[in-house]
Amino acid sequence: MDAPGRIVLDALGRAPAGPELLAAAAGLPGVHLVGGAVRDLLLGSTPRELDVVVDGDPAPLLARLSAGAPGPATVHPRFATATVTVPAGRIDVARSRRERYPIPGGLPEVEPAPLADDLLRRDFTVNAIAVSLDAGELRAAPGALGDLDARRLRVLHDRSFVEDPTRLLRLARYRARLGFAVEPHTAGLAAAASLDGVSGARVGAELRLALLEPDPLAALDGVRGLPVKIDAPVARRATQLLPADGRVDLMILGILTRQVATEAWLESLGLTARDRDVGRAVWGADRLAGAMAGAPSALHAALAREPVEAVAAAGALGPGEAARRWLEELRHVRLEIGGEDLVGAGIPPGPDIGRRLARTLGRKLDGELAAGRAAELESALG
Ligand code: CTP
């Protein structure tokens with residue numbers, strides 16, 4: 001077993017879902033850990049998911065993994081890949097393959113091929129390293145280990161961005177997350193390539209991945225030809241305003257898509273209905289910013305039903321102080337009394353109760369009430 005191979009297998013034993021994978025692969029030939037997982041383990045970090053390539057039939061490995069998983073494997077027939085989710089994490093399994101791109105920028109045609117070919121079809125050398133799980137043997141595309149050592153992103157061949165322009169977004173994402181430099185020839189190829197002609201759904205999927213990065217704006221930095229406008233100062237200010245219970249990815253998505261705001265765009269991103277609601281609310285940030293003035297009760301009237309992401313985005317467009325005050329302080333203010341207290345005091349149940357409570361909350365927000373239940377009750381009954 002070579003030294004880097006040993007490092008990867010040892011680290012895999014401690015990684016999420018690693019022990020499950022090692023146990024399932026025991027005694028099976030041709031099973032390799034590959035891609036970002038190997039890269040991350042060699043860098044001493046924790047992989048986000050485990051990518052496995054089998055040089056041969058993946059069915060026995062899949063059967064064993066599925067036996068230990070709560071649900072069945074999700075199979076993607078077009079690419080002969082499958083995903084198994086075990087309690088500790090996600091394992092993607094594929095047969096080793098080569099790819100052909102009949103239409104540049106389109107989806108590839110795939111056919112089974114030896115591991116060496118599978119490594120050479122990949123995006124960057126640092127993602128083209130595999131370690132066999134039985135013997136710990138490391139196989140890599142030429143220059144891959146040197147590039148990893150030098151923390152360098154290099155394509156494997158000159159047509160890489162032409163065949164798959166979404167790799168332009170992957171390049172920016174890895175540069176931001178890993179802090180790697182782009183090798184000069186690769187930078188030249190990227191500058192000459194374009195996202196034109198790539199379907200909105202594919203760009204959208206990569207955009208989503210960028211937005212889930214720890215620094216979403218850095219992960220999009222320098223990417224040209226996106227169908228969205230990146231207003232970095234607004235997005236950065238909004239990120240600073242967003243409280244911990246907000247979703248930075250949805251907020252920035254909303255900010256970036258404000259000018260091209262279409263339902264079709266949101267649909268293509270595969271978001272849940274709730275997440276789409278947040279994106280749409282952020283599109284209304286300009287209107288909201290115009291309404292964020294006046295006393296705390298006025299802020300309450302304007303903002304109480306808005307998601308925090310929309311308020312932070314609106315604050316970034318101008319009324320930053322009002323947004324900060326609302327998000328940090330005012331939105332948490334509650335009455336100590338409830339509708340049952342008013343009913344108990346003789347007010348008949350009905351919409352009037354809600355109006356009295358709302359009026360009282362407004363007074364409390366504006367500092368017009370003494371502290372405590374008694375003052376609130378007196379205000380609500382008055
Ligand atoms: N890949 C590629 N071109 C793409 C997408 C993926 O060559 N457009 C290859 C890369 O070798 C990558 C592997 O497929 O390593 C798996 O892709 P993915 O799961 O998206 O990336 P990871 O390697 O897991 O890296 P990370 O999750 O850290 O982004």
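Since the structure is predicted, the reported quantities are computational estimates derived from the model, not experimental observations. Just follow the structure's listing: the first ligand is 1, and inside any ligand the first atom is 1.
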task = Compute whether any side-chain donor of one residue and acceptor of the other, for His32 and Asp118, lie under 3.5 angstrom apart.
result = no
ask   = Who's the nearest protein heavy-atom neighbour of atom 24 (O) of ligand 1, and how far?
value = Glu49 OE2, 3.1 Å
message = Students should be able to answer this: which protein heavy-atom is nearest to atom 20 (O) of ligand 1, and at what distance?
response = Arg170 NH1, 3.1 Å
query = Can an N or O of Arg39 be found at a distance shorter than 3.5 Å from an N or O of ligand 1?
reply = yes
request  = Classify the side-chain pair Ser160/Arg167 by whether it contains a donor and acceptor separated by less than 3.5 Å.
outcome  = yes
key: Polar contact flag for Gly36 and ligand 1 (N/O pairs, less than 3.5 Å)   = yes
note = In short, Pro216 meets Glu213 closest at the heavy-atom pair CD-O, 3.5 Å
task = Could you pull out all residues at least two apart from Arg373 that satisfy side-chain hydrogen bond (donor to acceptor under 3.5 Å, both in side chains)?
result = Asp341
note = Heavy-atom proximity to atom 13 (C) of ligand 1, picking from Arg177, Arg122, Glu99, points to Arg122
message = Testing the basics here: between Ile255 and Ala238, what is the closest heavy-atom pair and its distance to 0.1 Å?
response = CD1-CB, 3.7 Å
ask   = Would you call Arg208 and Asp249 a salt bridge, taking side-chain N to carboxylate O under 4.0 Å as the test?
value = yes
ask   = Which one of Arg48, Glu163, Arg167 has a non-hydrogen atom at the shortest distance from atom 3 (N) of ligand 1?
value = Arg167
message = Would you say that Thr83 contacts Ile91 through its side chain, given a criterion of any heavy-atom pair below 4.5 Å between the two side chains?
response = no
remark   = the protein heavy atom lying closest to atom 16 (C) of ligand 1 turns out to be Asp51 OD2, 3.5 Å
request  = For residues Leu153 and Thr186, determine if any side-chain heavy atom of one lies less than 4.5 Å from a side-chain heavy atom of the other.
outcome  = no
task = Using a strict cut-off of 4.0 Å, indicate which atoms of ligand 1 neighbour a heavy atom of Gly35.
result = 15 (O), 23 (O)
remark   = Contact region, Val34 to ligand 1, non-hydrogen atoms below 4.0 Å, reads neither
For Arg173, the ligand 1 atoms whose distance to one of its heavy atoms is below 4.0 Å = 29 (O)
task = Please work out whether any backbone atom (N, CA, C, O) or any side-chain heavy atom from C-beta onward of Tyr174 is under 4.0 Å from ligand 1, and answer side chain, backbone, both or neither.
result = side chain
message = In the structure I gave you, are the side-chain heavy atoms of Arg151 and Phe180 within less than 4.5 Å of one another anywhere?
response = yes
task = Would you mind running through ligand 1 and noting each atom that sits below 4.0 Å from a heavy atom of Asp164?
result = 3 (N), 4 (C), 8 (N)
message = Tell me the contacting part of Asp123 for ligand 1: side chain, backbone, both, or neither, using a 4.0 Å heavy-atom threshold, strictly below.
response = both
